[in-house]
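What follows is one structure encoded as structure tokens, with my remarks underneath.
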Amino acid sequence: MMKTWKRAGIAAGLSLSLVLAACGAEEDEEDTTEGEAPEETEENGADEGSNEEEAAGNIGEEVDYTITGIDAGAGVMAAAEQAIEDYELEDWSVQPSSSAAMTSALDDAIANEEPIIVTGWNPHWKFAVHDLKYLEDPEGSFGEAEDIHTLVRSDLEADMPEAYQVLDNFYWEGEDMEEVMLEVNEGTEPEEAARAWVDENEDMVSEWTEGVEEVDGEQITFAFVAWDSEIASTNVVATVLSDLGYEVETNSMEAPIMFGAVAEDEADAMVAAWLPATHEQYYNDYEGEFEDLGANLEGAKIGLVVPEYVEADSIEDLQ
């Protein structure tokens with residue numbers, strides 16, 4: 001506008017019609033500019049929507065539309081499959097592996113600052129080592145917070161009252177479990193990590209063993225699924241019972257076999273039942289054939305986990 005009026009001042013000899021024409025041109029230019037503003041806003045809004053869709057698409061492409069899972073029998077895997085259905089993620093799949101393979105893939109991706117989506121749970125050492133987040137789950141595919149229960153064979157109290165009492169008393173917090181898990185992850189043998197934790201937490205252990213008499217070499221067998229969390233809890237309980245004079249055997253197996261082993265008296269106990277969702281199917285399959293001593297840890301969680309730098313905050317963002 002300023003340039004137009006300067007030209008009008010310099011050309012003072014021009015006719016009034018030309019000046020009016022110039023003014024009219026300016027008004028047209030202003031009207032056009034004012035009319036363009038909403039178009040730019042709409043375009044910006046469209047760009048933002050496109051960027052969000054593009055970000056979700058890029059994540060899918062970069063991870064080959066694959067969620068890195070653990071063993072196929074785990075409840076978190078069934079929940080992940082349910083999430084694919086609930087959120088209509090037709091292009092996605094859940095890749096079974098193992099707990100160790102999943103954490104190894106997570107470590108590699110973070111080392112290279114690459115996106116990755118894994119089936120996750122806590123307590124777990126990976127949350128202490130890496131900056132991670134759960135993807136929000138508005139559909140509730142993964143359920144609410146879970147507890148980890150102690151299950152024993154039906155006649156354990158009559159056969160091994162001392163072990164039964166310890167197992168009935170056994171309770172700790174997620175932070176306690178993660179201490180053992182982290183030590184194991186850093187290279188300490190599970191038995192040694194459990195031994196160190198028991199020695200450093202005598203007050204808590206004494207609550208579990210209060211009033212319990214020592215035994216002379218009775219054998220007790222534990223079943224457990226080879227998740228980092230259950231390796232930690234099983235070895236800690238085994239250490240405590242060993243100190244009381246038990247000969248303790250621990251056997252790693254898949255989750256459904258673990259439940260069957262306790263229900264069918266092939267194992268005496270386990271401290272690894274994630275409820276109500278993760279192991280719901282196996283619990284229901286054998287309910288009434290074992291004794292549930294209740295939670296030994298409360299407030300556990302499962303879901304889809306990503307590094308903080310991944311541009312997704314909800315499972316919906318994967319659509």
Side-chain angles (χ1 to χ4, degrees), residues 70-71 74-77 79-80 99-100 102-103 106-107 110 118-137 140 142-151 166-186 188 190-209 222 224-240 250 252 255 258 269-280 283 292-308:
I70 56 173
D71 51 287
V76 69
M77 294 289 284
S99 177
M102 179 272 290
T103 52
L106 181 65
D107 289 341
I110 290 175
V118 302
T119 54
W121 64 93
N122 67 291
H124 197 284
W125 60 263
K126 63 180 177 286
F127 289 93
V129 173
H130 300 304
D131 195 8
L132 305 172
K133 62 183 178 183
Y134 279 97
L135 293 181
E136 295 174 6
D137 178 22
F142 289 91
E144 303 297 330
E146 299 213 302
D147 300 332
I148 307 177
H149 285 225
T150 299
L151 307 184
V166 172
L167 291 169
D168 198 24
N169 292 339
F170 172 53
Y171 181 90
W172 61 349
E173 303 290 344
E175 294 81 359
D176 302 314
M177 178 185 277
E178 287 177 348
E179 287 181 22
V180 182
M181 295 168 71
L182 187 57
E183 286 297 319
V184 174
N185 178 64
E186 292 177 347
T188 304
E191 297 84 355
E192 295 177 13
R195 174 81 269 165
W197 189 92
V198 168
D199 291 344
E200 293 169 4
N201 292 272
E202 293 180 356
D203 290 345
M204 188 182 301
V205 173
S206 66
E207 295 177 3
W208 305 342
T209 60
F222 282 86
F224 71 100
V225 63
W227 299 348
D228 296 330
S229 50
E230 311 329 311
I231 290 171
S233 58
T234 303
N235 276 279
V236 163
V237 171
T239 300
V240 172
T250 61
S252 169
M258 173 179 67
M270 65 170 170
V271 291
W274 285 61
L275 300 169
T278 301
H279 289 146
E280 177 183 18
Y283 188 95
D292 184 349
L293 300 184
N296 60 62
L297 186 147
E298 296 177 315
K301 183 176 181 179
I302 63 173
L304 297 185
V305 173
V306 299
E308 273 287 353

Between [atom1] on residue [X] and [atom2] on residue [Y], distance to nearest 0.5 Å:
X: Leu304; Y: Glu136; atom1: CG; atom2: CD; value: 12.5 Å
X: Met204; Y: Glu207; atom1: CE; atom2: CD; value: 7.0 Å
X: Glu146; Y: Leu297; atom1: CD; atom2: CG; value: 11.5 Å

- [ ] Take Thr119 and Ile302 through the test side-chain contact (heavy atoms from CB on, under 4.5 Å) and record every step on the way to the result.
- [x] CA-CA 8 Å; Thr119 54; Ile302 63 173; over 6 Å; no
Min side-chain heavy-atom separation [X]-[Y] under 4.5 Å:
X: Ile148; Y: Val271; answer: no
X: Phe142; Y: Val76; answer: yes
X: Trp197; Y: Val205; answer: yes
X: Ile110; Y: Leu132; answer: yes
X: His279; Y: His149; answer: no
X: Asp107; Y: His130; answer: yes

Task: Within 6.0 angstrom of Glu202 CD, more than 12 heavy atoms from elsewhere - done: no
Task: Over 12 foreign heavy atoms within 6.0 Å of CD, Glu144 - done: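 Open: at most 12 neighbouring heavy atoms sit under 6.0 Å from CD of Glu144.
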Please tabulate, for the side chains in residues 226-237, all donor-acceptor contacts under 3.5 angstrom to protein atoms that are two or more places apart in sequence or on a different chain.
{"residue": "Trp227", "atom": "NE1", "partner": "Asp71", "partner atom": "OD1", "Å": "3.1"}
{"residue": "Asp228", "atom": "OD2", "partner": "His124", "partner atom": "NE2", "Å": "3.0"}
{"residue": "Asp228", "atom": "OD2", "partner": "Trp125", "partner atom": "NE1", "Å": "2.9"}
{"residue": "Glu230", "atom": "OE2", "partner": "Trp274", "partner atom": "NE1", "Å": "2.7"}
{"residue": "Ser233", "atom": "OG", "partner": "Ser229", "partner atom": "O", "Å": "3.4"}
{"residue": "Ser233", "atom": "OG", "partner": "Glu230", "partner atom": "O", "Å": "3.4"}
{"residue": "Thr234", "atom": "OG1", "partner": "Glu230", "partner atom": "O", "Å": "2.7"}
{"residue": "Asn235", "atom": "ND2", "partner": "Ile231", "partner atom": "O", "Å": "2.7"}

Which pair of heavy atoms, one from [X] and one from [Y], lies closest together, and at what distance?
X: Val180; Y: Ala194; result: CG1-N, 4.3 Å
X: Thr150; Y: Asp292; result: O-OD1, 3.6 Å
X: Ala145; Y: Gly299; result: CB-CA, 4.4 Å
X: Glu298; Y: Asp147; result: CA-OD1, 3.2 Å
X: Pro276; Y: Glu280; result: O-CB, 3.0 Å
X: Phe127; Y: Trp121; result: CE1-O, 3.3 Å

Open item on the list: Would Asn122 and Tyr134 count as a side-chain contact (heavy atoms from CB on, under 4.5 Å) here? Give the steps.
Closed with: CA-CA 10 Å; Asn122 67 291; Tyr134 279 97; 2.7 Å; yes
Task: Asp176 side-chain N/O to Glu173 backbone N/O, donor-acceptor pair under 3.5 Å - done: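 Checking the backbone N and O of Glu173 against the side chain of Asp176, a donor-acceptor pair under 3.5 Å is found.
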